[in-house]
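All chains are named by letter (A, B, ...) in the order of the sequence lines, taking the proteins before the strands, and each is independently numbered beginning at 1. Computed from a prediction, not measured in an experiment: that's the story for all the values here.
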Amino acid sequence: MNRNIYIYNTLSLSKELFKPINENRVLMYVCGITAYDLSHIGHARAYITFDVIYRYLRRLGYNVVYVRNFTDIDDKIIKKANEENSTVEKISSKYIDEYHKDMNALYISNPTYEPKATETIPDMINLISGLIKKGNAYEINGDVFFRVDSFKDYGKLSHKNIDELIAGSRIPVNEEKENFLDFALWKKSKENEPSWDSPWGKGRPGWHIECSAMSMKFLGESIDIHGGGSDLIFPHHENEIAQSESYTGKNFVNYWIHNGFVNINNEKMSKSLKNSITVRDVIDKFHPEALRLFFMFTHYRSFIDFSFKGIESAKQSLLRLYQAVNLYDEFKKLIKESGITVKKEDVSARAEGGGGRTPENIENYKNDFEVSMNDDFNTAKAISVIFDLVRKTNKIINDSMAQNVIISKDAAFLDAAVSFIKESLSGVFGLLNDDPKRFIESNLMNITAGGGVYTYIDEEEIKKLIDKRNEFRKNKEYASADEIRKSLLEKGIVLEDTGFGTTYKTTGAKQL
RNA sequence: GGCGGCAUAGCCAAGCGGUAAGGCAGAGGUCUGCAAAACCUUUAUACCUCGGUUCAAUUCCGAGUGCCGCCUCCA
């Protein structure tokens, strides 16, 4: 296993050789959601990105301790609770449940720990007290703020300088604070808000402090990787650094990893633009793995423009992957049952019709795959290695079936290749969770309206017509059979005669 | 205003100093009553423009154009 991973570090804005603090253990923290609404595809991208990183590091033999938190106390949750005449606790636990459903549906593996902010309040209070003692924070009437001026490295992650931040300020200065950049560590609670006792009276934690507290509680004062969406760089992660490093005097995080945003029509997805798409919107219509693969095709740091057309394309690619694995399974069955001969004499076999193929070495592909993943988790490149392999295995199988013979070197390569395909797709990318045969069949049966156009279909009527047409076909009355197919096509229904009967799908272009 | 990112075939997207991965769509072929599906083959000789460095640039540097993000809660 080649562990020379290069990771793009937001701190240095460059790729750095990854060296974990402990030789065989990786400490990783990823900022989770604020639980007040259904997860959107931006969340999906973030957590799929880190899921792949998590899976890959484990595959390289690292023992990864992975923490992904929940923010279950915050302004937005309080607002939602008020709107729905509910409680903060009920709202957050509801959306945590929904989130888990989505994560499971997307085959995102469970982190080692999933702490909630509200379970870590005492740790936060300790942290804040320590910061006050050290002069890094101050209290004003029950609120506690972090004194940004006290941390000389402020801005090192987002590469901003404090003076310019002040000059470019878009928000009104809070007169109470010493400096408008100072951020809340502890907020005095208002009436009817959840609150906790603290040395500064009843209140609740500010947002940033929770991640520092949870990271330190579960992983220690210094960790290897801290990740999240690129929108968290400033101010959230910048603030985390300030708090944590002021408190411990140690380096908080060695590698900061941030994933790029999901755009809709080339614009940022946001609630205010009313263009946000939930995970449910996608997986109601497409296989969850299509979303995963859609993300894998683009490097995690790039923007990605979401469209159902793109998912459709990814779905087709996914089908190709399943088809390849299925073809192999069928082929193995064929070898067993009927007689495809495995020839040992490579030279003569190839002369007879092996196609002059040069024997392949699976190690080259494995190496290319690893080198790609080691280069800042370049999944797009790694997946292209897999597709190369797919073409090779399909070809070997096709040639062998046509000639009724397979040379032993090809047979060995084929076995090794398919097992690598399966293992890397499922192990690293989290794909191929379904049985290939089932996946393919359900896909052909699937009534898809391409491009997001829904079509009304009278299923009974179509089934009757299909039966009628098959009668004609049995009697070799092909003209009448074609007539039925043609009439359905005009309504946007495509018939397909497959090995397991006649199926149909819609073109999505026409309305019934 | 400050900081940062991006611009590669019809679409999506890797590559980032040695002459363009991969996917989708399209075309041709194999198979099939015909089709479809599947599989194979095929698809970039100005890599936004103009300069520069170099034996060599899509890749580095400079200028320009066009998109986008952060600077406010946000994955």
Without decimals, in angstroms, what is the distance between [X] [atom1] and [N] [atom2]?
| X | N | atom1 | atom2 | result |
| --- | --- | --- | --- | --- |
| A:Phe308 | B:C12 | CZ | P | 17 Å |
| A:Arg473 | B:U32 | CZ | P | 14 Å |
| A:Ile466 | B:A36 | CD1 | C1' | 13 Å |
| A:Glu330 | B:C39 | CD | P | 13 Å |
| A:Tyr95 | B:A75 | OH | P | 15 Å |
| A:Ile311 | B:C11 | CD1 | P | 19 Å |
| A:Ile264 | B:A75 | CD1 | P | 15 Å |
| A:Asn69 | B:A75 | CG | P | 10 Å |

- [ ] Give a yes/no verdict on a cation-pi contact between A:Arg473 and A:Tyr478, requiring under 6.0 Å between NZ or CZ and the six-membered ring centre and an angle within 45° of the axis.
- [x]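 Checked: cation-pi criterion not met.
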TODO: Establish, for the pair A:Lys285 and A:Phe308, whether the NZ or CZ atom is under 6.0 angstrom from the six-membered ring centre and no further than 45 degrees off its axis.
DONE: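 Geometry flag: set, cation within 6.0 Å and 45°.
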Side chain of [X] only, please: which of [options] is the nearest?
| X | options | answer |
| --- | --- | --- |
| A:Ser313 | B:C70, B:C39, B:C24 | B:C24 |
| A:Ser384 | B:A21, B:C70, B:A14 | B:A21 |
| A:Ser317 | B:A14, B:A75, B:G23 | B:G23 |
| A:Lys309 | B:A75, B:A13, B:C11 | B:C11 |
| A:Gln316 | B:A75, B:C24, B:G22 | B:C24 |
| A:Lys381 | B:A14, B:C40, B:A75 | B:A14 |
| A:His43 | B:A75, B:A14, B:G2 | B:A75 |
| A:Phe261 | B:A75, B:G33, B:C70 | B:A75 |
| A:Phe303 | B:A14, B:G69, B:C34 | B:G69 |
| A:His40 | B:G23, B:A75, B:A14 | B:A75 |

Do you know the tightest heavy-atom contact between [X] and [Y]?
| X | Y | result |
| --- | --- | --- |
| A:Tyr107 | A:Pro288 | CE1-CB, 4.4 Å |
| A:Val88 | A:Ala81 | N-CB, 3.7 Å |
| A:Leu432 | A:Lys422 | CD2-CA, 4.0 Å |

Task: B:C39 OP1/OP2 closer than 4.0 Å to side-chain N/O of A:Arg391 - done: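 So the side-chain polar atoms of A:Arg391 never come under 4.0 Å of the phosphate oxygens OP1 or OP2 of B:C39.
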Open item on the list: Is there a side-chain contact between A:Asn398 and the phosphate of B:C40, meaning an N or O under 4.0 Å from OP1 or OP2?
Closed with: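 False: A:Asn398 side-chain N/O out of range (4.0 Å or more) of B:C40 OP1/OP2.
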Task: Aromatic ring proximity A:His208/A:His237, centre distance under 6.0 Å - done: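 No - the distance between ring centres of A:His208 and A:His237 does not fall below the 6.0 Å cut-off.
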Which part of the nucleic acid, if any, lies within contact of [X], taking any heavy atom under 4.0 Å across all strands shown: a base, the sugar-phosphate backbone alone, or nothing?
| X | value |
| --- | --- |
| A:Gly227 | nothing |
| A:Tyr478 | base |
| A:Arg485 | base |
| A:Ser39 | nothing |
| A:Asp305 | nothing |
| A:Val262 | base |
| A:Lys476 | nothing |

Any N or O donor-acceptor pair under 3.5 Å from the base of [N] to the side chain of [X]?
| X | N | result |
| --- | --- | --- |
| A:Asp482 | B:G33 | yes |
| A:Arg301 | B:G5 | no |
| A:His299 | B:A14 | no |

Task: Result of checking A:Tyr66, A:Tyr47, A:Phe377 against A:Tyr54 for ring-ring contact (aromatic ring centres under 6.0 Å, His included) - done: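 Considering A:Tyr66, A:Tyr47, A:Phe377, a ring-ring contact (aromatic ring centres under 6.0 Å, His included) with A:Tyr54 is found only for A:Tyr66.
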Task: Stem regions touching RNA chain B, defined by at least 3 consecutive Watson-Crick or wobble G-U pairs below 3.5 angstrom - done: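 Listed by first number, the stems are B:1-7 with B:65-71, B:10-12 with B:22-24, B:26-30 with B:38-42, B:48-52 with B:60-64.
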- [ ] Specify the residue among A:Ala481 and A:Tyr300 whose closest nucleotide of RNA chain B lies further upstream toward the 5′ end.
- [x]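 Comparing both residues, the 5'-ward one is A:Tyr300.
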Task: Nearest-nucleotide comparison on RNA chain B, the residue closer to the 5′ end among A:Glu267 and A:Asn259 - done: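 Closer to the 5' end of RNA chain B: A:Glu267.
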Task: A:Ile41 vs A:Val282, side chain to side chain contact (heavy atoms under 4.5 Å, CB included): CA-CA, chis, key distance, verdict - done: CA-CA 8 Å; A:Ile41 52 177; A:Val282 178; 3.6 Å; yes
TODO: Over 60° means perpendicular and under 30° means parallel, so classify the ring planes of A:Phe146 and A:Phe183, tilted if in between.
DONE: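 Answer is parallel, since the angle falls under 30°.
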Open item on the list: Among A:Asp74, A:Asp75, A:Asp72, exactly one meets salt bridge (charged side-chain N to carboxylate O under 4.0 Å, His left out) together with A:Arg204. Which residue is that?
Closed with: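 Option passing the salt bridge (charged side-chain N to carboxylate O under 4.0 Å, His left out) with A:Arg204: A:Asp75.
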